[in-house]
Amino acid sequence: MSVPVLELDEVGKSYGNVHALRGVSLRVRQGEVTCVLGDNGAGKSTLIKIIAGLHDYTDGAMRLDGADCRFGSPRAAQSSGIATVYQDLALAPLMSVWRNFFLANELRKGPLRMLDIARMKRICHEELAKMGVVIPDLDRPVGSLSGGQRQCIAIARAIYFGARVIILDEPTAALGVKQSGVVLKYVVKARDAGLGVIFITHNPHHAYLVGNHFVILKLGRVVLDANRAELTLDRLTAEMAGGQELAELSHELRGTGPGNQEVPTS
Amino acid sequence: MTAAATEPGRTEAARDDRVARRSLAARLLSRPEVGSLVGAVVIFLLFMAVAVPFRNVANVGTILYGASAIGIMAVPVALLMIGGEFDLSAGVAVTTSGLAASLIAWNFGLNVWVGVALALVLSLAIGAFNGWLLLRTGLPSFLVTLGTFFVLQGINLGVTRLLTGNVATADISDMDGFAAAQRIFGSEVVLGPVTLKVTVLYWVVLTALAAHVLLRTRTGNWIFAVGGDAAAARAVGVPVRGTKIGLFMAVGFCCWLSGMHLLFQFNTVQSGEGIGKEFIFIIAAVIGGCLLTGGYGSVVGASVGALIFGMTQLGINYAGWNPDWFKTFLGVMLLLATLVNVYVKRKADLR
């Protein structure tokens, strides 16, 4: 097994007396998908924000290529090769596709440092085509595209700008079944391109389709840390849903509900 | 925006056949400044029809002068609005700048240019302060600059009265450096029958420069991004604070330019002037297609908005209408322009 690119060792984050994250360890290797699962409020967002450089951590250590690191800003994390595709995608909805693609990494030419618009449009088109997305008019505002297309722009952008580790924050949460499938294909493409992928989700089915390694967070702590070989989808789903708690809830509801409804497992 | 047609490889790739190629007309119509251009043509034709002096070529200079006085400020205000912020202090800050230059030079008996330079520093500082306070407190810019608006209004009156015992500054036309400064800020050029004020030149240059910056440089990209979605911009690494403070300082710079023109045009500055102007700058920007919510707009549009103002202001006079109705006319125009913008944008987006 290769050496991890990014390693979190007992990382914690406290806001005053609130401990949002406690003793979280995580290893991200290149060419692997590491899935982080957890329900709302489990600490997934805090974890991402620490890795992405939006927040600092208060305990433990984060190591990039074996060296301790702290990111002071999202820009610092990016220049270290860590790209984040946020749930809200970090795309400005009224800006055109190509302007969004190159935002903060604009190509410029000539002594006046003007934007090299033709080249940016060409590269944007090529990079999107590589991922199998064709957007007929790159001057269209991003806001007018579908959720899946926007997700792809954000992922293609991260890959193009030399990310070694890409964090995908619930990329399938707001999408339909078909669009989710499309996005999962890109997750695999990103992995095959040699990136270390951190896939944040609360959907164990999606995670199990693409993941190599699984970490489940609950109330800011790691409750499961396992390789794919050690797990089945059922086990993952049960762990994610809270196993015992779910069985109890199911029992309770059966007593009070109008019918004998099954509690959904995901 | 013809690059799309010339790009290699675009045509070969498979297209989504649900999306038809948009016609050139549709793409032109989706530009933010279209509404203002239509408005300008309508207003122009209206006054050509009803006001005889409007047809006189010699009056072009007067109309453009009126437009330039608003345009010089509408351009940076439009940039700021695209960047997602307001500046309600822009009107009185112009007066502050003129007063500062005049009072500093006159009170200390200095060369006029020293006053001019210190006024520039002050104007940039006011802009930077607005931006800093906004980012520091996280309050909406509407509130922060409303505060600055009242503070400056009071300072303008108070300091002028304190130093001169009057509501206006003393005439500085006999002081050192006045003649040279007047050539820069208040001169005029005669072109055949048309007399053009130097502010018209500044207005055109500012518009061209700002349009270039907005559409062809990295800074412009950042301005759209911080206005469209500041959190997204920050997440990808755009320096949001720097961009916003820079925009407020650009407004400060133009306040200085306008203030210097006021001073060297009339030799003295009235301390109560400038109140209410900030709305005119904002209206010009909105007519020009800037969204109140930021992230969208055009400086060329804002300049056309200023031109509409210039034409209306004088057109009403030339037509012999009662100028009392000017503001009503403005309000109606603002509503119409906004509706046209929304309508045109929706049509163009659907095509």
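Here is how names work: the chains are called A, B, and so on, in the same order as the sequence lines, proteins then strands, and each is numbered from 1.
Shown here for A:R157 and B:V236, the closest heavy-atom pair between the two residues is NH2-CG1, 3.4 Å. In this structure, A:A92 and B:A225 approach most closely via the heavy-atom pair CB-CA, 4.5 Å.
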Please determine whether side-chain contact (heavy atoms from CB on, under 4.5 Å) holds for the pair A:R99 and B:L215, giving the CA-CA distance in whole Å, both sets of side-chain angles, and the decisive distance to 0.1 Å.
CA-CA 10 Å; A:R99 279 185 190 269; B:L215 296 174; 4.1 Å; yes
Before you tell me yes or no, could you show the steps for A:M95 and B:N221 under side-chain contact (heavy atoms from CB on, under 4.5 Å), namely the whole-Å CA-CA distance, both residues' side-chain angles and the distance that decides it to 0.1 Å?
CA-CA 9 Å; A:M95 287 174 81; B:N221 228 18; 3.4 Å; yes
Tell me, with the steps shown, if A:L94 and B:L291 meet side-chain contact (heavy atoms from CB on, under 4.5 Å).
CA-CA 11 Å; A:L94 289 167; B:L291 283 185; 3.9 Å; yes
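The side-chain hydrogen bond (donor to acceptor under 3.5 Å, both in side chains) search around A:S144 returns A:R140, not counting sequence neighbours. Applying the salt bridge (Lys or Arg N to Asp or Glu O under 4.0 Å) criterion to A:D65, with sequence neighbours excluded, gives A:R164.
A:L103 is listed as a side-chain neighbour of B:W222, based on a closest heavy-atom distance under 4.5 Å.
Open room surrounds CZ on B:F129; 12 or fewer heavy atoms of other groups in view lie less than 6.0 Å from it.
For residues 183-194 of chain A, there are no salt bridge (charged side-chain N to carboxylate O under 4.0 Å, His left out) pairs, not counting sequence neighbours.
Residues of residues 106-113 of chain A that come closer than 4.5 Å to chain B, counting heavy atoms only, are A:E106, A:R108, ordered by residue number.
Note that CG of A:L115 is 8.5 Å distant from NE2 of B:H212, once rounded to the nearest 0.5 Å.
For the options B:A235, B:A230, B:G220, B:G228, heavy-atom pairs under 4.5 Å to chain A are most numerous at B:A235.
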